[in-house]
Amino acid sequence: MNKLELLKTFVRVSELSSFTQAADSLGLPRSTVSDQVQALEDLLGARLLQRTTRRVQATQDGLLFYERSRELLAQMDELEGLFREDATTLAGRIRVDMPTVLARKVVMPRLAEFTGRHPGVEIEVSSTDRRVDLVREGFDLVLRAGPLLDTSLVARSLGGFPLVNVASRDYLAVHGVPRTLEDLARHRLVHYVSVLGSRPPGFEYLVGDQVQCLPMAGSVTVNNAEAYSAACLGGLGLIQVPLHGVREYLQSGELVALLPDYQAPPLEATLLYAHRRLPRRVRAFMDWLEQVVREQAAPWPQGA
């Protein structure tokens with residue numbers, strides 16, 4: 001039995017935590033997928049997957065073998081590409097995770113540029129505001145906005161997204177337009193936290209290179225970027241948000257940019273991937289993604 005095929009099947013089952021979903025993805029009968037994983041375990045003399053009635057989960061040996069398997073498959077993919085008639089042709093699958101708003105507002109509207117250039121590449125896009133486990137969940141790379149917490153991954157900085165202070169036109173009609181930090185005492189802030197129950201920082205702004213935080217009242221706290229913008233549009237208070245997430249509302253006049261002299265520091269964007277050789281298709285996608293993200297770094301015009 002082809003050992004590379006066994007590795008591919010094992011990797012797919014590990015990524016999807018399901019024999020059935022892996023079988024559908026690979027176009028194989030479920031029984032074949034199960035037999036291939038069993039054959040690989042027999043060959044290695046180790047249990048790679050823990051099977052229960054509800055899910056399939058990698059054992060400690062399975063996690064280690066999964067990483068080495070993906071690295072080997074990536075190297076084989078690159079070796080095969082050396083001898084194709086068209087060395088620029090890319091093929092295969094890419095799994096990427098990114099924040100919801102980044103996916104909807106920035107990446108998905110332009111993704112056809114990449115797929116049109118590389119029709120042989122299949123891209124699986126996960127969009128969530130939670131911090132996924134890149135290795136355990138089988139992602140090739142993760143596009144993350146905000147501070148880095150995991151130092152075990154390779155990080156590629158893409159620069160920072162400019163943040164703007166905004167409020168809805170209806171909110172400002174009722175509460176007035178704040179023009180100084182002192183004015184914020186009479187206003188409300190929609191609070192954003194990664195984990196509900198944690199303490200929100202307040203209104204952030206830069207003084208030189210130092211970040212200052214001004215506590216502000218607020219009746220709503222959210223942990224989701226879509227809800228954050230929706231709360232602001234609903235007149236619940238000010239928010240400090242990446243420009244790309246609200247550009248259309250600023251252009252339509254539904255939201256108004258405020259306090260240009262008191263901007264929060266840019267939200268850093270980073271591509272993360274594991275310590276291993278990347279297939280050409282993943283490197284090409286990373287380069288394209290970097291270009292798309294950097295084009296969103298233009299600041300909002302003063303007085304707009």
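Keep in mind that the numbers below use all heavy atoms, side chains included, and drop hydrogens, waters and symmetry copies.
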State, to 0.1 Å, how close [X] and [Y] come at their nearest heavy-atom pair, and which atoms those are.
{"X": "C213", "Y": "P201", "result": "CB-O, 3.6 Å"}
{"X": "L90", "Y": "R281", "result": "CD1-CA, 3.9 Å"}
{"X": "V177", "Y": "D183", "result": "O-OD2, 4.4 Å"}
{"X": "V101", "Y": "A225", "result": "CG2-CB, 3.5 Å"}
{"X": "S229", "Y": "I239", "result": "CA-CD1, 4.1 Å"}
{"X": "P178", "Y": "L184", "result": "CB-CD2, 4.0 Å"}

Would you kindly confirm whether [X] and [Y] end up in one hydrophobic cluster when ILVMFWY residues are joined by side chain heavy atoms under 4.5 Å apart?
{"X": "L49", "Y": "L28", "answer": "yes"}
{"X": "L16", "Y": "I94", "answer": "no"}
{"X": "V166", "Y": "V220", "answer": "yes"}
{"X": "L267", "Y": "L259", "answer": "no"}
{"X": "L236", "Y": "V174", "answer": "no"}

Contact between [X] and [Y] at the side-chain level, heavy atoms closer than 4.5 Å - yes or no?
{"X": "L26", "Y": "T9", "value": "yes"}
{"X": "F161", "Y": "H244", "value": "yes"}
{"X": "L181", "Y": "Y205", "value": "yes"}
{"X": "L271", "Y": "L289", "value": "yes"}
{"X": "V241", "Y": "L163", "value": "no"}
{"X": "L206", "Y": "Q263", "value": "no"}
{"X": "L143", "Y": "D97", "value": "no"}
{"X": "S168", "Y": "E254", "value": "no"}

Relative to the ring of W288, is the ring of F114 parallel (under 30°), tilted (30 to 60°) or perpendicular (over 60°)?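 Rings of F114 and W288: tilted, as their planes differ by 30° to 60°.
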
Aromatic plane relationship, F10 with F65 - under 30° parallel, 30 to 60° tilted, over 60° perpendicular: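 Because their plane-to-plane angle lies in the 30° to 60° range, the rings of F65 and F10 count as tilted.
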
Salt bridge check: are [X] and [Y] linked by an N-O gap of less than 4.0 Å?
{"X": "E122", "Y": "R95", "value": "no"}
{"X": "R70", "Y": "D140", "value": "yes"}
{"X": "E226", "Y": "K105", "value": "no"}
{"X": "E41", "Y": "R51", "value": "yes"}
{"X": "R12", "Y": "E124", "value": "yes"}

Donor-acceptor pair, [X] side chain versus [Y] backbone, under 3.5 Å?
{"X": "R294", "Y": "L158", "answer": "yes"}
{"X": "T221", "Y": "H191", "answer": "no"}
{"X": "Y228", "Y": "Q240", "answer": "yes"}

Can we call the ring centroids of H187 and Y171 under 6.0 Å apart?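 Distance test on ring centres: under 6.0 Å, yes.
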
Does the ring center of F139 lie less than 6.0 Å from the ring center of Y273?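 Centroid distance F139-Y273: not below 6.0 Å, so no.
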
Within 6.0 Å of CZ in R117, more than 12 heavy atoms from elsewhere: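 Yes - once you tally the heavy atoms of other residues, nucleotides and ligands closer than 6.0 Å, there are more than 12.
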
Begin from the C-alpha positions of S157 and E268 and carry the test side-chain contact (heavy atoms from CB on, under 4.5 Å) through to its verdict. CA-CA 8 Å; S157 176; E268 292 298 316; 4.1 Å; yes

Evaluation steps, side chain to side chain donor-acceptor pair (under 3.5 Å), between R30 and T20: CA-CA 6 Å; R30 186 188 185 285; T20 301; 3.2 Å; yes

When you check the side-chain N and O atoms of D287 and Q291, is any donor under 3.5 Å from an acceptor?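 Not at all, the side chains of D287 and Q291 share no donor-acceptor pair under 3.5 Å.
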
Pair E15-Y66, side-chain donor/acceptor within less than 3.5 Å: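 Per modelled atom types, E15 and Y66 side chains form a pair under 3.5 Å.
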
Sort and list the pairs that fulfil salt bridge (charged side-chain N to carboxylate O under 4.0 Å, His left out) and have at least one residue in residues 158-180, not counting sequence neighbours.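 Applying salt bridge (charged side-chain N to carboxylate O under 4.0 Å, His left out) to every pair that reaches into residues 158-180, excluding sequence neighbours, yields nothing.
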
Criterion side-chain contact (heavy atoms from CB on, under 4.5 Å) on K8 and L73, from CA distance to verdict: CA-CA 8 Å; K8 289 178 181 178; L73 291 173; 3.8 Å; yes

